[in-house]
Amino acid sequence: MAVTGDETETGSASDLTACQQHIPSSSLPQGVAGATSAHGSKKSAEDATQKRELRLMKNREAARECRRKKKEYVKCLENRVAVLENQNKTLIEELRALKDIYRHKVE
DNA sequence: TAGTCACAGCGTCACTTATG
DNA sequence: CATAAGTGACGCTGTGACTA
């Protein structure tokens, strides 16, 4: 495919990111040139296919990015689960110790 | 070693949501 | 409201682990 530079920024601040710092992702590799072949009949068809290819390419990138973010988000949640489980364990221990102390006092 | 299964990653389509 | 960006769902492909 012959496509050249005309880049679009993907500067969206989406959510999912209640979790972690974001890594800036790669910019789009290619774009579409203004292929101005002067013959009008063909031109609109060419334009259409070019438009479509550009759309597919952008969507491909978007899908990749989307999956990347989702994966990162899941990893982040898993980390959080681990941390909370640890905290929970610690608190249970603490509670047990306090109960013990109390029991001895009462006796 | 060939066949099978589960899994991950990808591209595309269709739909939703954000933005100018 | 038109267009761009984001995302869920589907089908396809490659890969590693397992089994007969």
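A note on names: the letters A, B, ... follow the listed sequences, proteins ahead of strands, and every chain is numbered from 1.
Per the geometry, CD belonging to A:Glu65 stands 17 Å off C1' belonging to C:dG8, to the nearest Å. To the nearest angstrom, P of C:dA5 lies 12 Å from CD of A:Glu61. C:dA5 atom P lies 12 Å from atom CZ of A:Arg55, rounded to whole Å. Rounded to whole angstrom, the span from the CZ atom of A:Arg67 across to the P atom of C:dA9 amounts to 12 Å. Rounded to whole Å, atom C1' of B:dT12 lies 15 Å from atom CG of A:Leu54. Rounded to an integer number of Å, the gap from NZ of A:Lys69 to C1' of C:dG8 is 15 Å.
Listed by chain and residue number, A:Arg80, A:Gln87 satisfy the side-chain contact (heavy atoms from CB on, under 4.5 Å) test with A:Leu84 (two or more places apart in sequence, or in another chain). Residues satisfying the side-chain contact (heavy atoms from CB on, under 4.5 Å) criterion with A:Asn88, sequence neighbours excluded, are A:Ile92. Legend: residues meeting salt bridge (charged side-chain N to carboxylate O under 4.0 Å, His left out) with A:Arg55, ordered by chain and number and at least two apart, are absent. Looking at residues two or more places apart in sequence or on another chain, you find a side-chain contact (heavy atoms from CB on, under 4.5 Å) between A:Arg67 and A:Ala63. In this structure, A:Arg52 has no salt bridge (charged side-chain N to carboxylate O under 4.0 Å, His left out) partners at least two apart in sequence or on a different chain.
Between B:dG11 and A:Arg64, a contact under 4.0 Å exists linking OP1 or OP2 to a side-chain N or O. Contact between the side-chain N/O atoms of A:Arg60 and the OP1/OP2 oxygens of B:dT12 is found at a separation under 4.0 Å. Considering only side-chain N and O atoms, A:Lys71 lies nowhere under 4.0 angstrom from the phosphate OP1 or OP2 of B:dA8.
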Which parts of nucleotides 11-16 of chain C does protein reach within less than 4.0 Å, heavy atoms only, written one letter per nucleotide 5' to 3' as B for base, S for sugar-phosphate only and - for none? ------
Per-nucleotide protein contact along nucleotides 15-20 of chain B, 5' to 3', at a 4.0 Å heavy-atom cut-off (B base, S sugar-phosphate only, - neither), is ------
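Of the listed nucleotides (C:dA5, C:dT7, B:dC10), C:dA5 has the atom at the smallest distance from the side chain of A:Lys58. Of the candidates C:dG8, C:dT7, B:dG11, C:dG8 carries the atom nearest the A:Lys70 side chain, counting heavy atoms from C-beta on. Relative to the side chain of A:Arg52, the nucleotides B:dT12, C:dT7, C:dG8 differ in distance, and B:dT12 lies closest. Each of C:dA5, B:dC13, B:dG11 was ranked by its minimum atom distance to the side chain of A:Leu56; first place goes to B:dC13.
Not a single donor-acceptor contact under 3.5 angstrom links the side-chain atoms of A:Arg68 to the base of B:dG9.
Screening residues 85-94 of chain A for salt bridge (charged side-chain N to carboxylate O under 4.0 Å, His left out), with sequence neighbours left out, gives A:Glu93-A:Arg96.
In the hydrophobic clustering (ILVMFWY side chains linked at under 4.5 Å, chained through shared members), A:Val106 is joined by A:Tyr102.
Once rounded to the nearest 0.5 Å, the distance linking NE2 of A:His104 with CG of A:Asp100 reads 5.5 Å. Considering CG of A:Leu91 and CG of A:Leu98, their distance stands at 10.5 Å, rounded to 0.5 Å.
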